[in-house]
Amino acid sequence: MAFNDDYEHPDSLEYILESVLMCNDKSLEFNHLADDYNSVLLNQCLCNGDCQKSEICPHGGHYEYSTDGRELLLKKSSNPVIECHNLCKCSKNTCSNRLVQNGPRKNLEIFDSPVYGSKGVRTSENIPRGAFICEYAGELLTSHEAKRRLIINEELGSMNYVLVLNEYTSEKKQQVTIVDPSTRGNIGRYINHSCEPNCHIAAVRIDCPIPKIGIFAARDIPAREELCFHYGGEGQYKRVNDGKTCLCAAPTCTGFMPNTEIGQ
Ligand SMILES: C[S@@+](CC[C@H](N)C(=O)[O-])C[C@H]1O[C@@H](n2cnc3c(N)ncnc32)[C@H](O)[C@@H]1O
């Protein structure tokens, strides 16, 4: 994938362009994760058009052009997203179903957030609703490893970067993706949680069954505004009242950050 990402880490961490597999802990769960990570989705389209309509392209219909035609935006009801990829017959230059695979948007800044008292991410230009911000990239973890790291974070009182994305069909949980950018990550690791966020996350698949965690603008965002999303994810939020104190200062702040819940 030709990622266009030249952001730099302010910390001495390994900057990665997309999520990578955790180290092999020789577990069965790791083997399953590695199998998925090394699999290719054989779902190529045969289009010779722009892949804009889902009736024509089997993956299409998730994105539409902004009114000025300058960029692709995620449509409101698009979840989960499947993008066209290298095996597809469509042309990379005309296909309108390739966005996340091109890397994060330009003009993001890592800064010292006065609201959160730690680092955050803001934009130096206006961002339209539906625009792609960046992937939340880090190490892909088994649930066992994620629980182990959460306990260590808790004991050390360190920041928690583990993010869990649950995907459902109707009420049934289908797939769980766990990403930890604490030591290997990209700019997404600096985005803070808010109870009234201006961004949201979405599962985006390209050529792998494991989705990327895409962060998109939930509304028009003016330049200089800090970017944030809800760590509880899309519609998966359980109200907690024993988590870490939330500093988001939103009028509807629940007072607590959502707990990272990892089922079996
Ligand atoms: C993914 S990191 C976000 C970037 C982080 N601020 C930094 O400096 O690296 C998540 C950590 O940021 C802090 N954080 C993020 N959102 C917060 C919030 N709403 N309230 C309090 N702390 C928050 C917590 O320490 C949390 O464990």
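Computation of the quantities below employed the complete heavy-atom set of this structure, encompassing side-chain atoms and omitting hydrogens, waters and symmetry-equivalent molecules. Indexing begins at 1, ligand by ligand and atom by atom, following the structure's order. Not measured: the values here are computed from a predicted model.
We find the SG-CE distance between Cys248 and Met257 to be 10.0 Å, quoted to the nearest 0.5 Å.
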| task | Take Glu139 and Arg149 through the salt bridge (Lys or Arg N to Asp or Glu O under 4.0 Å) test and state the conclusion after the steps. | result | CA-CA 12 Å; Glu139 283 181 279; Arg149 292 189 188 188; 3.1 Å; yes
| request: Could you please spell out the steps behind the side-chain contact (heavy atoms from CB on, under 4.5 Å) verdict for Leu33 and Leu21? | output: CA-CA 8 Å; Leu33 184 67; Leu21 202 55; 3.8 Å; yes
| task | Verify side-chain contact (heavy atoms from CB on, under 4.5 Å) between Tyr63 and Val100, making sure each step is shown before the conclusion. | result | CA-CA 11 Å; Tyr63 303 127; Val100 170; 3.8 Å; yes
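Counting only heavy atoms from C-beta outward, the side chains of Cys57 and Cys84 approach each other to under 4.5 Å. Between Glu145 and Ser27, every side-chain heavy-atom pair lies at or beyond the 4.5 Å cut-off. Proximity of Tyr65 to Asp50: side-chain heavy atoms (C-beta onward) are nowhere separated by under 4.5 Å. The side-chain heavy atoms of Leu108 and Leu227, taken from C-beta on, include a pair separated by under 4.5 Å.
Inclusion of Tyr161 in the set of residues having an N or O under 3.5 Å from an N or O of ligand 1 is warranted. Where the criterion is an N or O separation shorter than 3.5 Å, residue side chain and backbone included, Tyr190 fails it with respect to ligand 1. Among the atoms of Cys246, none of the N or O lies under 3.5 angstrom from an N or O of ligand 1. Geometrically, ligand 1 and Arg189 share no nitrogen or oxygen pair separated by less than 3.5 Å. Between Ser194 and ligand 1, no N or O atom pair is found at a separation short of 3.5 Å. Where the criterion is an N or O separation shorter than 3.5 Å, residue side chain and backbone included, His193 meets it with respect to ligand 1.
Taking 4.0 Å as the cut-off between side-chain N and carboxylate O, Glu225 and Arg219 count as a salt-bridged pair.
Residue contact check for ligand 1: Gly120 places no non-hydrogen atom closer than 4.0 Å to it. Within the structure, the closest approach of Ile191 to ligand 1 falls below 4.0 Å when heavy atoms are considered.
Using a 4.0 Å cut-off to heavy atoms of Tyr116, the atoms of ligand 1 that qualify are 16 (N), 17 (C), 18 (C), 19 (N). Every atom of ligand 1 with a heavy atom of Thr245 under 4.0 Å away is listed here by number and element: 20 (N), 21 (C). Residue-ligand proximity, Leu247 to ligand 1, at heavy-atom distances under 4.0 Å covers atoms 18 (C), 19 (N), 20 (N), 21 (C). Here is the list of ligand 1 atoms found below 4.0 Å of a heavy atom in Tyr136: 1 (C). Taking every non-hydrogen atom of Ser118 and a distance limit under 4.0 Å, the qualifying atoms of ligand 1 come out as 5 (C), 6 (N), 8 (O).
Neither the backbone nor the side chain of Leu163 has a heavy atom within less than 4.0 Å of ligand 1. If you look at Phe256 next to ligand 1, there are no close heavy atoms at all, none under 4.0 Å.
For Tyr231 (side chain) and Val164 (main-chain N/O), no donor-acceptor pair under 3.5 Å exists by modelled atom type.
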